[in-house]
Amino acid sequence: MYKFLLPTIFLSILILSSCSSEQANALTESDVEAFLQRVELEDKTLGPIVSSAYWIGANFITYDSQKVVADYGKRYQLLALERARQASSFDGIEVSTENRRKLNLIKSSFVMPSPLDEELAGEISQISAELDAMYGTGEHCFTKDDCYDLEAFEGIIDNSRDPAELLKAWEGWRNIGKPMKEMYLRMVEIGNQGATDLGYEGLTDLWFSQYDMPAEDFLDETDRVWDELKPLYDALHCHVRDELSNYYGEEIVSKNGNLPAHLLGNMWGQSWSNIYDIVYTPDPQSGSSEIDLTNILIEKDIDEIEMVKIAENFFISLGFEPLSDTFWERSLFIKPQDRNVVCHASAWDLNSDIDDLRIKMCIERNAEDFATIHHELGHIFYYQAYSDLPDIFQSGANDGFHEAVGDLLTLSITPDYYQKIGMVSEQEAKQAKADPISLLMQQALDGVVSVPWTLMLDKWRSKVFTGETAAAELNNSWWELREFYQGIEAPRDRDADAFDPGAKYHIPGNTPYTRYYLAKILQYQFHESLCYQMDFDGPLHECSIYDNDLAGERLRAMLALGQSKDWQTALEALTGTRELSGKSMLNYYQPLKDWLDVQNVGRACGWEG
């Protein structure tokens, strides 16, 4: 998700000096209004230009494009920091609730700030651009003629069952992280200085103070919800481990230890959906027949653009406006053959005033990308819903809301949905629902499996930010946390210079990951609430909000709030509760949990970590 609210092209912008206490006392709400109006004007005038620069940087990875991105990044940093200091000068002024929220958002809208120093702003921007480019162009060669990029390595990890081949691909991709380590540490060093200058204790304090509650209370909330969900994950882990051990043999997968990371069907082990066929065998007595969407897309000759149009129609069925012509003209749907691009799927708000919204994705005609397209369009229609708000409020209620809206739609991709859009017949949909454990297992191997992963990533970063993890222990700490939260381990000892976190886009790309943890929780809260409001009568995994006017109305009303209200208010508007909870996910997967408990009788569940 991309939207740049704090850009600058010109540095000849009015800069207010730090005020003495006497000057601060002389400021009034009129001064606040003038400041906020200037910010709004700058964002509307300059924001689209900077957004275009970043779009070019992601879609044309060259020396020149990265140089331009680095320059804009530096200017962005300097203006954003100056704005934050100006906003702080109004701390003692009595202002309206709306204006106070705007000021607070301006002060906290940073991920990796530099001090207000042009040289350091330039350095951190250059590092950020280089790390992004290193990931986007990442390639490892075993020999001169045996080279692989991420897409090629993932093709092996996702499909192979040969442990040696899987290990080669798994280790091969992680080689791209090694050169990133020192640059990453330098970026964190500068970022901590910048966070301290803004009045925070450091980057950890800055990152987790953006959730409308004290950072410590927020982190307690995330741990509380994980405690609710951990029994479900543990039961799934126990079953998967036993089935993998049966398949590969105990000499490769122990029945009472951690899971080897290279055997899980995903480059990062964050989803295990590609090993579904190993861990679950449908009951032949049920008469069920699984939907092979990848095969359907090929058989029906549904191309990449048509896949996006199908996802668009989902939102139109809920009352959203169709996508603009510029969306179709300017988005990237297919990987170009003539240049390097960042293929990581993303949604972009370049200028919502003229409806310039886009996605960037190297679409493959398969079931996974079909779901991902629905997710990315969730971001696009969120942009659409709050586009009338002031620019400062044009964001999700918190960063997890944006991801949750995209994830919400994936829960509605049910057999009945496939039948309604003509992908399968009524009989095929009925057969697909005949084995609910099969459906829930497929979803849990992604939805449940990813929960501890999304939590541990920023746990690791937090320890790096605070200095609790020493530079020499970056990789060891990474694997210690993965073992503790996920019960996953590296397939063999890592090299002393390894920097495996760099092999995950969101580390070099500086994207906070707690948003995905929140999204995993919130999507089930949203889904359960909407299904109940629709008076849906049936198990939650069979509910789809597709083509439901009430669901669309309630969803649009929440999305239209943007970031104008605290996230608790936005959550309450849709669900009636102000509290984050894992209970909706537990309710959704209760039939699977009951089944897993039976399967795990006599097994040695749990792991040391």
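- The OH atom of Tyr54 sits 12.0 Å away from atom OG of Ser65, with the distance rounded to the nearest 0.5 Å.
- Glu42 has its side chain within reach of Leu79: a pair of non-hydrogen atoms, C-beta onward, lies under 4.5 Å apart.
- Taking 4.5 Å as the limit, some side-chain heavy atom of Val308 sits within range of a side-chain heavy atom of Ile363.
- Of all heavy-atom pairs between Ile373 and Ala311, the closest is CG2-CB, 3.7 Å.
- For Ala53 against Val69, the heavy-atom pair with the smallest separation is O-CG2, 3.6 Å.
- With contacts defined as side-chain heavy-atom distances shorter than 4.5 Å, the pair Arg186/Ile190 qualifies.
- Listed by first then second residue, pairs satisfying salt bridge (charged side-chain N to carboxylate O under 4.0 Å, His left out) with a partner in residues 107-116 read Asp91-Lys107, not counting sequence neighbours.
- With a 4.5 Å cut-off on side-chain heavy atoms, Lys360 and Trp55 count as touching.
- In this structure a side-chain-to-backbone donor-acceptor pair under 3.5 Å is present from Asp566 to Thr569.
- For Ala404, the side-chain contact (heavy atoms from CB on, under 4.5 Å) partners are Ala519, Leu522, Phe526, not counting sequence neighbours.
- Taking a 6.0 Å sphere around CG of Asp493, one finds it holds 12 or fewer heavy atoms contributed by other residues, nucleotides or ligands.
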task: Show your reasoning for whether side chain to side chain contact (heavy atoms under 4.5 Å, CB included) applies to Leu377 and Leu323.
output: CA-CA 10 Å; Leu377 290 196; Leu323 296 169; 4.2 Å; yes
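- Interatomic distance, Trp268 CH2 to Trp453 CH2, rounded to the nearest 0.5 Å: 8.5 Å.
- You'll find the ring centres of Tyr517 and Tyr513 outside the 6.0 Å limit.
- Side-chain atoms of Glu33 and Asn99 form a donor-acceptor pair, as typed in the model, at a separation below 3.5 Å.
- With rounding to the nearest 0.5 Å, the separation of CD in Glu123 from CE in Met183 is 11.5 Å.
- One N or O on the side chain of Gln394 and one on the backbone of Leu389 form a donor-acceptor pair closer than 3.5 Å.
- In terms of the side-chain contact (heavy atoms from CB on, under 4.5 Å) criterion, residue partners of Ser331 (sequence neighbours excluded) are, by chain and number, Phe327, Phe333, Arg358, Ile359.
- Using the six-membered ring where Trp is involved, His506 and Tyr516 have ring planes that are perpendicular, over 60° apart on the 30 and 60° scheme.
- Gly378 and Val405 get closest at one heavy-atom pair: O-CG1, 3.9 Å.
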message: Let's go through Leu559 and Gln384 carefully: what are the C-alpha distance in whole Å and the side-chain angles of both, what is the deciding distance for side chain to side chain contact (heavy atoms under 4.5 Å, CB included) to 0.1 Å, and is it a yes or a no?
response: CA-CA 9 Å; Leu559 302 186; Gln384 186 190 91; over 6 Å; no
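- In this view, Lys459 and Asp223 satisfy the salt bridge (Lys or Arg N to Asp or Glu O under 4.0 Å) rule, not counting sequence neighbours.
- In summary, the aromatic rings of Phe381 and His374 are positioned with their centroids too far apart to meet the 6.0 Å limit.
- Listed by first then second residue, pairs satisfying disulfide (SG to SG under 2.5 Å) with a partner in residues 41-77 number zero, not counting sequence neighbours.
- Side-chain N or O atoms of Ser89 include one that pairs as donor or acceptor with a backbone N or O of Gln86 at under 3.5 Å.
- Looking at every heavy atom in both residues, Ile124 comes nearest to Gly191 through CD1-N, 4.0 Å.
- Applying the side-chain contact (heavy atoms from CB on, under 4.5 Å) criterion to Glu171, with sequence neighbours excluded, gives Leu167, Arg492, Arg494.
- Checked against side-chain contact (heavy atoms from CB on, under 4.5 Å), Lys67 has the following partners two or more places apart in sequence or in another chain: Tyr63.
- Nearest heavy-atom pair, Trp170 versus Ala261, reported as atom, atom and distance to 0.1 Å: NE1-CB, 3.7 Å.
- Of the possible donor and acceptor atoms, one in the side chain of Trp567 sits under 3.5 Å from a partner among the backbone N and O of Tyr211.
- Applying the ring pair (Phe, Tyr, Trp, His ring centres under 6.0 Å) rule to pairs touching residues 185-210 yields Trp207-Phe465, sequence neighbours excluded.
- A salt bridge links Asp391 and Lys44; the closest N-O separation between the charged side-chain nitrogens and carboxylate oxygens is under 4.0 Å.
- Not counting sequence neighbours, Glu182 has no partner by the salt bridge (Lys or Arg N to Asp or Glu O under 4.0 Å) test.
- Contact check for Leu357 versus Ser352: side-chain heavy atoms found under the 4.5 Å cut-off.
- Defined by atom type and a distance below 3.5 Å, a donor-acceptor pair is missing between the side-chain atoms of His344 and Tyr135.
- Judged by distance alone, with hydrogens and angles left aside, the side-chain atoms of Gln210 form a donor-acceptor pair with the main-chain N or O of Phe110 at under 3.5 Å.
- Distance CG/Asn59 to CG/Leu332: 5.0 Å, rounded to 0.5 Å.
- Residues satisfying the salt bridge (Lys or Arg N to Asp or Glu O under 4.0 Å) criterion with Arg174, sequence neighbours excluded, are absent altogether.
- In this structure, CG in Asp149 is found 8.5 Å from CG in Asn340, a value given to the nearest 0.5 Å.
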query: Can you list the steps and then say if Met361 with Asp369 is a side chain to side chain contact (heavy atoms under 4.5 Å, CB included)?
result: CA-CA 9 Å; Met361 187 175 173; Asp369 278 10; 3.7 Å; yes
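- Side chain of Asp458 to main chain of Thr514: a donor-acceptor pair is present (N/O by atom type, distance under 3.5 Å, no hydrogens or angles).
- Between atom CE of residue Met134 and atom CD1 of residue Ile61 there is a gap of 12.5 Å, rounded to the nearest 0.5 Å.
- Sorted by first and then second residue, the disulfide (SG to SG under 2.5 Å) pairs with a member in residues 122-153 read Cys141-Cys147; sequence neighbours excluded.
- Glu403 is listed as a side-chain neighbour of His379, based on a closest heavy-atom distance under 4.5 Å.
- Side chain of Asp31 to main chain of Thr28: a donor-acceptor pair is present (N/O by atom type, distance under 3.5 Å, no hydrogens or angles).
- Listed by first and then second residue, the salt bridge (charged side-chain N to carboxylate O under 4.0 Å, His left out) pairs involving residues 202-219 are Arg101-Asp212 (not counting sequence neighbours).
- For Glu201, the CD atom sits in a loose shell: 12 or fewer heavy atoms of surrounding residues, nucleotides or ligands are nearer than 6.0 Å.
- Annotation for Pro115 and Gln193: closest pair CG-CB, 3.7 Å, computed over non-hydrogen atoms.
- Asp500 has no carboxylate O lying under 4.0 Å from a charged side-chain N of Arg482, or vice versa, which leaves the two without a salt bridge.
- Taking the six-membered ring for Trp and thresholds of 30 and 60 degrees, Phe142 and Tyr148 have ring planes more than 60 degrees apart, a perpendicular arrangement.
- Looking at Ser125, its side chain never comes within 3.5 Å of a backbone N or O of Ala121 through a donor-acceptor pair.
- Side-chain contact between Lys463 and Leu481 is present, with heavy atoms from C-beta onward closer than 4.5 Å.
- You'll find the side chain of Glu98 reaches within 4.5 Å of the side chain of Phe393, heavy atoms only.
- The backbone N or O of Gly400 lies less than 3.5 Å from a partner atom in the side chain of Asn398, making a donor-acceptor pair.
- With hydrogens and angles ignored, the 3.5 Å screen pairs no side-chain donor or acceptor of Trp348 with any backbone N or O of Ser52.
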